[in-house]
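Residue numbers start at 1 and run along the sequence shown. For the numbers below, each heavy atom of this structure counts, side chains included, while hydrogens, waters and symmetry mates do not.
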Amino acid sequence: PALHNLWVRGARLGSRLVLVIVEDRGEAWRLDAMRRDFIANVSHELKTPVSAVSLLSEALIQASDDPEMVVHFAGRLTRESARLANLTSDIIRLSSAQVSAPALTDDPVAVSHLCERVAEEHRTVAEQRHIAMVWGDTADLWVAGDIDSLVVALGNLVSNALNYSPDGSHVGIGAHRVGAHIEIAVTDQGVGIPAEDIDRIFERFYRVDQARSRGTGGTGLGLSIVKNTVQGHGGDVRVWSQPGSGSTFTIVLPAYQEPQPPTGTVPQ
Ligand code: ADP
C-alpha cells in the first residue's frame with residue numbers, strides 16, 4: 001500500500017507493551033471521496049431543474065391572462081418536471097445498484113425477451129424520429145441475471161443511440177455468442193464520441209456536450225448505470241466510436257449455463 005494511505009494507531013497495554021495497528025485506509029478514503037463527489041454532483045445537477053420549475057411556475061401565474069404564454073410556460077414546465085423525474089429515478093437506481101450490487105438474481109434471461117421489452121419502450125420515439133431500429137436474430141441466446149435491470153441497461157444504450165443520431169438514420173441491435181459469453185451490441189450512425197472523451201463517458205454526470213445531453217433529457221448517469229449493472233452481472237461494456245460516423249456499445253455478459261446433472265459414480 002502507498003505510504004500516505006497508512007493509518008497508524010497505538011495503545012499502551014502495560015508498562016513494557018505497546019500495541020501498534022497499521023491500517024491501509026486507501027480504499028476507504030477513495031470510497032469516501034467518491035461519495036462526497038457524488039453528493040456534490042447530484043446537488044449541482046438537481047439545482048438547475050428545481051429552480052427552473054419554481055421560476056416557470058411563477059411565470060405561469062403571472063401570464064394567466066395570456067393564453068399563448070400559458071401554453072408556452074406549461075410546456076416548459078412539463079419538460080423540466082420530466083427531466084427532474086428522470087434524474088431522480090436515475091440517482092435512485094444508481095445508488096441502490098451500488099449499495100446492493102450482489103443482490104441481483106441469476107435467472108435465465110432470453111436475449112430475445114430482453115430485446116422485445118427494450119424495443120417496446122423505444123418504438124414510439126424511434127417512429128417519431130423516423131429512425132429504423134434493426135433487430136438481429138437472438139434465438140437461443142440466454143444470459144444469467146435480472147431481467148428488469150438488464151432491460152434498463154440495454155434500454156439506456158438504445159436511448160443514447162436514438163438521442164445522439166440524426167432523424168432518418170439506422171440503429172442496429174444484434175447479439176451473438178462468443179465462447180462462454182453473450183455479446184449484445186447497439187450500433188448507431190450518430191455524432192460519435194471524440195477519442196479524448198471516450199475513457200470518461202462512463203463516469204457519473206460526464207457528458208461530451210452538456211447542452212445536447214440536457215436537450216435530449218439526458219441525465220449524464222445512463223452509462224454509469226449500464227456499467228454498474230453489467231459489471232454486477234460479472235460482465236463488462238465496451239465502446240467503439242468514430243466522430244461523425246457513429247458508435248457501437250457492446251454489453252458482454254456471461255451466457256446462462258444449464259445446471260449440469262452430477263457426473264461420475266455415486267459412492268455406495
Ligand atoms: P446522457 O444522459 O448525457 O446521455 P450517459 O451517461 O448516457 O448520459 O452518456 C454520457 C455521454 O456520452 C453523453 O452525454 C454523450 O456525450 C456520450 N454518448 C453516450 N452514448 C452516445 C452515443 N451513442 N453517441 C454519441 N455520444 C454518446
Side-chain angles (χ1 to χ4, degrees), residues 86 89-90 93-94 96-97 100-190 201-202 216-218 221-241 246-261:
N86 273 347
S89 63
D90 272 4
R93 202 167 271 144
L94 196 57
S96 67
S100 60
L104 295 169
T105 66
D106 52 2
D107 293 334
V109 174
V111 177
S112 57
H113 183 207
L114 180 61
C115 289
E116 271 162 30
R117 281 192 45 189
V118 173
E120 193 55 46
E121 281 176 14
H122 294 85
R123 183 164 296 134
T124 316
V125 173
E127 278 171 11
Q128 279 167 353
R129 309 248 335 264
H130 305 290
I131 295 178
M133 286 205 283
V134 185
W135 298 85
D137 180 16
T138 50
D140 298 329
L141 298 177
W142 294 76
V143 293
D146 171 60
I147 176 98
D148 293 325
S149 45
L150 290 175
V151 166
V152 171
L154 185 62
N156 283 353
L157 294 185
V158 171
S159 150
N160 281 349
L162 296 171
N163 280 344
Y164 300 103
S165 290
D167 289 2
S169 59
H170 283 72
V171 169
I173 304 97
H176 56 274
R177 190 178 176 127
V178 182
H181 290 87
I182 304 290
E183 299 193 354
I184 309 174
V186 179
T187 299
D188 65 55
Q189 303 171 315
I201 54 172
F202 292 95
T216 57
L221 290 174
L223 288 179
S224 329
I225 293 173
V226 175
K227 189 171 174 184
N228 253 284
T229 307
V230 173
Q231 289 186 343
H233 278 77
D236 215 343
V237 49
R238 295 197 300 251
V239 53
W240 171 91
S241 190
S247 313
T248 297
F249 284 81
T250 308
I251 288 179
V252 184
L253 289 164
Y256 178 74
Q257 308 285 347
E258 291 270 358
Q260 297 295 317

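Pairs engaging residues 165-184 under the side chain to side chain donor-acceptor pair (under 3.5 Å) rule: Arg129-Asp167, Glu183-Arg238 [sequence neighbours left out]. Residue pairs meeting the side chain to side chain donor-acceptor pair (under 3.5 Å) criterion with at least one partner in residues 131-144, sequence neighbours excluded, are absent.
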I'd like to know whether Glu121 forms a side-chain contact (heavy atoms from CB on, under 4.5 Å) with Val151, so could you lay out the CA-CA distance, the side-chain angles of the two residues, the decisive distance to 0.1 Å, and finally the verdict. CA-CA 10 Å; Glu121 281 176 14; Val151 166; 3.7 Å; yes

Could you walk me through whether Val239 and Phe202 pass the side-chain contact (heavy atoms from CB on, under 4.5 Å) test, one step at a time? CA-CA 10 Å; Val239 53; Phe202 292 95; 4.0 Å; yes

Apply the test side-chain contact (heavy atoms from CB on, under 4.5 Å) to residues Ile147 and Asp107: give CA-CA distance (whole Å), side-chain angles for both, the deciding distance (0.1 Å), then the verdict. CA-CA 8 Å; Ile147 176 98; Asp107 293 334; over 6 Å; no

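With sequence neighbours left out, Asp236 forms a side chain to side chain donor-acceptor pair (under 3.5 Å) with Gln231. Under the side chain to side chain contact (heavy atoms under 4.5 Å, CB included) criterion, Thr248 pairs with Ala185, Thr187, Trp240, Thr250, sequence neighbours left out. For Glu120, the salt bridge (charged side-chain N to carboxylate O under 4.0 Å, His left out) partners at least two apart in sequence or on another chain are Arg123.
Residue Ile182 holds its CD1 atom at 12.5 Å from CD1 of Ile251, rounded to the nearest 0.5 Å. In this structure, CD in Gln257 is found 11.5 Å from CG in Asp106, a value given to the nearest 0.5 Å. If you take CG on Asn228 and OG on Ser149, they are separated by 10.5 Å, rounding to the nearest 0.5 Å. A distance of 5.5 Å separates CG of Leu253 from CD1 of Ile184, quoted to the nearest 0.5 Å. Here Leu150 contributes atom CG and Thr229 contributes atom OG1; the two are 7.5 Å apart, rounded to the nearest 0.5 Å. Taken to the nearest 0.5 Å, the CG atom of Asn156 stands 15.0 Å off from the NZ atom of Lys227.
Side-chain contact check for Phe249 versus Leu223: some heavy-atom pair is nearer than 4.5 Å.
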Kindly list each side-chain donor-acceptor pair under 3.5 angstrom involving residues 109-118, sequence neighbours excluded, with atom names and distances?
from: Arg117; atom 1: NH1; to: Asp148; atom 2: OD1; distance (Å): 3.2
from: Arg117; atom 1: NH2; to: Asp148; atom 2: OD1; distance (Å): 3.1

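Between Met133 and Ala119, the closest heavy-atom pair is CE-O, 4.1 Å. Shown here for Ala126 and Leu162, the closest heavy-atom pair between the two residues is CB-CD2, 4.1 Å.
Of the possible donor and acceptor atoms, one in the side chain of Ser241 sits under 3.5 Å from a partner among the backbone N and O of Gly246.
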